> 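I'd like to ask some things about the structure below.
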Amino acid sequence: MSEPAETVGFLVAGEPSPEQRAALEWCAAAGIDVETISLAAVAGGDGRLAAYDVLWWHRAKPADDAVAEDASVPIEAFLTDGGGLLLSLRALEAVPALGIDSVGPDAAGTEEGTTGLLVKSLRADRPVFEGLEGLRVPTASPEAEQPFARYQGILPHRGAVLASTLRTDGERPHETALLGWRIGDGDVAGLGTGVRFDGPVPVPEAAARNRDRLLRNLLAVLGGGDRLLEHDPKGTPALSADRKRLADDHHRPRYHVSPPGNWLNDPNGLIKWNGTYHAFYQYNPGGPHHGTIHWGHAVSEDLVTWEDRPVALTPSPDGPDRDGCWSGCAVDVDGTPQILYTGGRDDVQLPCLATATDDELTGWEKSPENPVIKSVPVEPRLRSSDHWRAEFRDHNVWLEGGVWHHLIGSGIEDGGGTALLYTSEDDDFTDWTYEGPILSGEAETDGVIWECPELLDLGEKRLLHVSNYEEVRYYLGEYADGSLEVERTGLLDHGAFYAPQSLRDDGGRWLTWGWIKPDRSPEAQWDAGWSGTLSLPREIDLDEAGRLRQRPAAELTALREERGYDGSPALTDERHDLPLDSRSFELRAEIRLDDADECGLVVRGSPDGEEETLLRYTRESDLVVDRSASTTDHRASSEPISMPVTPVDESLSLRLFVDGSVLEVFANERHCLTTRIFPTRPDSDGIALYAVDGRAVFEDLEVWTMGSAWPDVGAESERESERPVGPEN
């Protein structure tokens, strides 16, 4: 266990309160050398701060901002020189006044039911958690009234979440409990709950031991024993370190774009710029759950190998995006990339604009005109929700006939989802004219809200796809005068694929990525330390018959490593194990049922069949991913996923990509199904074929093991520059 700091300066504003006296008594009993020091004396230039290894401000009542502001300059100098500061309970509210962060906690008070800390798995190996068992650490009495201060609906601008809150009614990932900041050569820790000493109800013995251990660790680390944080949490070195920590997780994809850690959802701002593919995505640095959304960033020269870049967008403390930088797109405007994204604050979401400040697209300057559309349209009346005054978000911008076109997703009150069109003749993107919906759907069949609308020009036809909370629907037809005449509709994908976005590359092809949803419980995501991944890039176009076609990007063949199988087996009422085991592979074949009632594939199978996932092809013209035995973990979904593939009297052209927990199916270059599987056993990596009640043929069957899209995982990043820090991010 870490030794406590040699000398602790215990900060008080006036006479110590009963809670502070109890904390001082705890220090004495723990053998910690502690001296009380007045914040007024610190503000007056007492000059004694250098005598302490760490400062501790512990309060059960609201902090006095004026006192904190007066003491901020000497405390900042103390931190810059390598000192440490612990702010516990309501003292965490003084973060802005002390100049530690421009964003302070948005929730504070007293409550019952707090039991302790929910430790982030990505940070569980830090010295501050040494000697504490597991990720769920009780530190408080659930029956006692507990003072607290936390970031609940927002995150600090520069700090990092180390742990969230355990309560009697469940885990609360959004309720931050322990945070850290790097200030010069020093560190600040904010422990906003779970550490009361003078409560009316005694703390259970085990919880008291954990509380004591945690505090001793914090004081030791802050006193100079180690750094609380390894790196700026939003810079490349920190992100690379997180990816390295997760490299041994057998559920992690190897060749898909995945977050370095924490949370990923919608792909955003997809653009090819100066020969480099840029994939931005919705990212929550607070943990593996949907929360205060930032923009993560990954780049590739070839669509095959990827590298992490610093977090690109961070909510501005005083901006219209204070509560989140949500989905948007990137556009090249006269040689300068710009992004339009949804900013959220309180119950209002409106479009915001940012302009790239460097050729690597790591820095973005937000427009002083934000939001660039000041209010939602009056007609039609837009649907509202418990969270938003009007559902009005996500952006798709393109230039046509010298006019900029801008789609925003929404829904009509008492109606279905809709895609709203704005136009502008100006390149500064701050003057938009509302034109009305290009298409609206029926609530029962098309969904009540359309998110992430995107209109793609496929030559003879236009393709509009929208995400309606449940699925991604597409509408194919003719577009003219701000209206889409639909000729054909369907699903872009039949599984966990959502919120796709596309870019048009130099050759004119459309490449589309989607978010692959987690499909396991919040508890499982928290334990894993990460959630979400992007699909493989798909080429989307029309076939010779004018039907929608989807194929994996041709570049992905470069990921193939060893050819594990090559043949054309015919099976009759039997199962055939292929001579390779793999968790990351590509399989392709022409499958013909002949007279069999069913045939298919077994993937991620254990030798005894306890865990296995079946791809079942039946005469009912369905391809079913049977997940009933995919995992023994009850926290992962086991529901079957199916899609129609016709006609059954012709061969089925199949390409299958398995990558850790990700399974993507491309059938006949037209039908797609994406899902997740979470086998628990280390030997669940077998591959087999089978046929039932007759003969089936797997012509030209080939299987390749696949390499990693992240070649630098496990090696120190060569890009040691931290992210740009400032209000523009």
Side-chain angles (χ1 to χ4, degrees), residues 4-30 32-105 108-110 147-150 156 158-159 179-193 195-199 215 218-224 228:
E6 293 182 4
T7 306
V8 175
F10 193 88
L11 301 173
V12 294
E15 289 296 317
S17 68
E19 174 64 25
Q20 289 172 330
R21 291 194 196 97
L24 287 166
E25 292 172 1
W26 174 85
C27 286
I32 297 172
D33 184 5
V34 61
E35 295 179 5
T36 301
I37 180 170
S38 165
L39 278 162
V42 173
D46 184 289
R48 290 190 298 144
L49 292 187
Y52 302 106
D53 299 297
V54 60
L55 303 177
W56 182 11
W57 192 4
H58 179 74
R59 289 184 63 101
K61 300 294 184 181
D64 188 331
D65 282 354
V67 172
E69 288 174 0
D70 290 342
S72 63
V73 173
I75 288 178
E76 181 181 4
F78 171 77
L79 293 169
T80 301
D81 288 342
L85 173 64
L86 173 59
L87 302 172
S88 51
L89 299 185
R90 300 291 296 268
L92 184 60
E93 295 174 87
V95 160
L98 289 171
I100 293 165
D101 201 298
S102 55
V103 179
T110 57
F148 74 92
R150 58 175 171 253
R158 298 181 60 194
L179 303 104
W181 289 264
R182 292 162 58 93
I183 307 293
D185 291 331
D187 291 306
V188 177
L191 181 57
T193 191
V195 289
R196 189 167 191 178
F197 296 96
D198 188 43
L215 284 169
L218 279 167
L219 293 173
V221 169
L222 294 170
L228 186 66

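Remember, predicted model here, so these are calculated numbers, not experimental data.
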> Do NZ/NE/NH1/NH2 and the carboxylate oxygens of R59 and E19 come within less than 4.0 Å?
no
> I need the minimum non-hydrogen distance between L11 and V42, along with the two atoms involved.
CD2-CG2, 4.3 Å
> Evaluate side chain to side chain contact (heavy atoms under 4.5 Å, CB included) for L98 paired with E76, printing each intermediate quantity in order.
CA-CA 8 Å; L98 289 171; E76 181 181 4; over 6 Å; no
> Between D101 and P156 (side chain of the first, backbone of the second, donor and acceptor by atom type, cut-off under 3.5 Å), is there such a pair?
no
> Side chains of L87 and I100: does their closest heavy-atom pair fall under 4.5 Å?
yes
> With a 4.5 Å heavy-atom cut-off, do L218 and L191 have their side chains touching?
yes
> How far apart are the closest heavy atoms of P18 and D198, and which atoms are they?
CB-OD2, 3.4 Å
> Could you grab the distance from atom CD1 of I75 to atom CG of L39, nearest 0.5 Å is fine?
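CG of L39 is found 5.5 Å from CD1 of I75.
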> Give, for atom CD of E93 and atom CH2 of W57, the distance between the pair rounded to the nearest 0.5 Å.
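Answer rounded to 0.5 Å: 9.5 Å.
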> Without placing hydrogens or testing angles, list every side-chain donor-acceptor pair under 3.5 Å for residues 65-74, not counting sequence neighbours.
unit_1	atom_1	unit_2	atom_2	d
S72	OG	E69	O	2.8

> Do R182 and D187 come close enough that some side-chain heavy atom pair is under 4.5 Å?
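Answer yes - side chains close enough.
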> Please report the interatomic distance CZ(R48) to CZ(F78), rounded to the nearest 0.5 Å.
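It is 12.5 Å, given to the nearest 0.5 Å.
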> Checking E25 side chain against A22 main chain: does a donor-acceptor pair fall under 3.5 Å?
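Not at all, since once roles are kept as given, no pair shorter than 3.5 Å links the two residues.
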> Which pair of heavy atoms, one from P147 and one from T110, lies closest together, and at what distance?
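For P147 and T110, the tightest heavy-atom pair comes out as CA-CG2, 4.0 Å.
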> Closest heavy-atom contact between A91 and A63?
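Nearest heavy atoms, A91 then A63: CA-CB, 4.4 Å.
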> Say you draw a straight line from CG of L24 to CD1 of I32; how long is it, rounded to the nearest 0.5 Å?
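Rounded to the nearest 0.5 Å, the CG-CD1 separation comes to 10.5 Å.
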> Nearest 0.5 Å, please: how far is CG in L79 from CH2 in W181?
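The distance works out to 11.5 Å.
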> Working note: D53 + V8, criterion side chain to side chain contact (heavy atoms under 4.5 Å, CB included); need CA distance, chi angles, decisive distance, verdict.
CA-CA 6 Å; D53 299 297; V8 175; over 6 Å; no
> Show the nearest heavy-atom pair for residues L215 and W56, with the distance to one decimal.
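That would be CD2-CZ2, 4.3 Å.
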> Checking side chain to side chain contact (heavy atoms under 4.5 Å, CB included) for the pair T80/D185: CA distance, chi angles, key distance, verdict?
CA-CA 5 Å; T80 301; D185 291 331; over 6 Å; no
> Do L219 and L86 have side chains that approach each other closer than 4.5 Å (heavy atoms only, starting at C-beta)?
yes
> I need the minimum non-hydrogen distance between F10 and V34, along with the two atoms involved.
CB-CG2, 3.7 Å
> Go through the structure and list residues passing ring pair (Phe, Tyr, Trp, His ring centres under 6.0 Å) with F197, not counting sequence neighbours.
W26, H58
